[in-house]
Amino acid sequence: MDRVRLATYVLEALDAFNGSAHIWEVCRYVWLNYLREELSMDDKEYYTWQYDIRWAAQLLRHDNVIVSEPRGYWTLVEKNS
């Protein structure tokens with residue numbers, strides 16, 4: 001599954017949750033809004049998308065876009081103007 005696309009879904013979900021959400025809330029948001037209609041049980045991605053979304057979040061952490069604080073949550077990094 002395209003981790004760059006999943007990263008955009010993570011950002012959208014965090015925005016919907018006012019910048020911070022538990023990982024399961026982000027996954028639920030992405031599933032309900034994108035992947036439920038897209039994936040079938042015949043697709044390999046049906047079984048790997050939660051692994052891939054965590055790697056997408058790792059890309060965002062590496063780019064200092066999100067942090068994993070507090071533990072179990074993904075939080076957008078505030079940008080100083």
Side-chain angles (χ1 to χ4, degrees):
M1 178 149 288
D2 181 8
R3 292 176 183 167
V4 173
R5 181 174 56 133
L6 286 174
T8 63
Y9 296 164
V10 168
L11 294 175
E12 181 183 312
L14 290 174
D15 189 51
F17 286 104
N18 297 314
S20 184
H22 197 281
I23 295 168
W24 73 263
E25 292 174 306
V26 173
C27 289
R28 183 174 189 270
Y29 179 94
V30 171
W31 176 256
L32 292 176
N33 289 284
Y34 295 102
L35 302 181
R36 176 174 54 176
E37 298 295 323
E38 181 179 322
L39 298 178
S40 75
M41 290 180 70
D42 294 331
D43 298 321
K44 173 188 75 110
E45 289 84 5
Y46 180 85
Y47 301 97
T48 64
W49 76 270
Q50 288 191 9
Y51 175 82
D52 293 328
I53 203 169
R54 284 167 171 76
W55 270 106
Q58 179 60 33
L59 295 174
L60 293 170
R61 283 192 297 275
H62 183 266
D63 291 341
N64 296 314
V65 177
I66 68 170
V67 294
S68 295
E69 296 175 5
R71 183 173 170 83
Y73 285 79
W74 290 335
T75 303
L76 291 171
V77 173
E78 292 184 34
K79 303 283 186 204
N80 294 329
S81 300

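For this chain, numbers begin at 1 and follow the sequence in order. Nothing here was measured: the structure is a model prediction, and the numbers come from that model.
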* Asked: Going only through I, L, V, M, F, W and Y residues with side-chain contacts under 4.5 Å, is there a path from Tyr9 to Leu39?
  ->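 Linked within one cluster.
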
* To do: Give every residue pair that meets the salt bridge (charged side-chain N to carboxylate O under 4.0 Å, His left out) criterion with at least one member in residues 22-37, sequence neighbours excluded.
  =>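 Applying salt bridge (charged side-chain N to carboxylate O under 4.0 Å, His left out) to every pair that reaches into residues 22-37, excluding sequence neighbours, yields nothing.
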
Over all atoms of both residues, closest heavy-atom pair of [X] and [Y]:
| X | Y | value |
| --- | --- | --- |
| Trp74 | Arg61 | NE1-NH1, 3.4 Å |
| Ala21 | Val26 | CB-CG2, 3.8 Å |
| Val30 | Val10 | CG2-N, 4.5 Å |
| Tyr46 | Ser40 | CB-O, 3.2 Å |

Who passes side-chain hydrogen bond (donor to acceptor under 3.5 Å, both in side chains) against [X], sequence neighbours left out?
| X | answer |
| --- | --- |
| Glu12 | Tyr29, Tyr34 |
| Thr75 | Ser20 |
| Glu45 | none |

* Between CG of Leu6 and CG of Leu35, what distance do you get to the nearest 0.5 Å? ->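 These two atoms lie 6.5 Å from each other.
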
* To do: Please check if atom OH in Tyr73 has more than 12 non-hydrogen atoms from other residues, nucleotides or ligands closer than 6.0 Å.
  =>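 12 or below, so no.
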
* Worked check of side-chain contact (heavy atoms from CB on, under 4.5 Å) between Leu11 and Ile66 -> CA-CA 9 Å; Leu11 294 175; Ile66 68 170; 4.2 Å; yes

Residues 49-56 side chain polar contacts: donor-acceptor under 3.5 Å, at least two apart:
| residue | atom | partner | partner atom | Å |
| --- | --- | --- | --- | --- |
| Tyr51 | OH | Trp55 | NE1 | 3.0 |
| Asp52 | OD1 | Arg3 | NH2 | 3.3 |
| Asp52 | OD2 | Thr48 | OG1 | 3.3 |
| Arg54 | NH1 | Gln50 | O | 3.2 |

* **Results of side chain to side chain contact (heavy atoms under 4.5 Å, CB included) for Asn18 - residues two or more places apart only** =>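 Side chain to side chain contact (heavy atoms under 4.5 Å, CB included) list for Asn18, sorted by chain: empty.
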
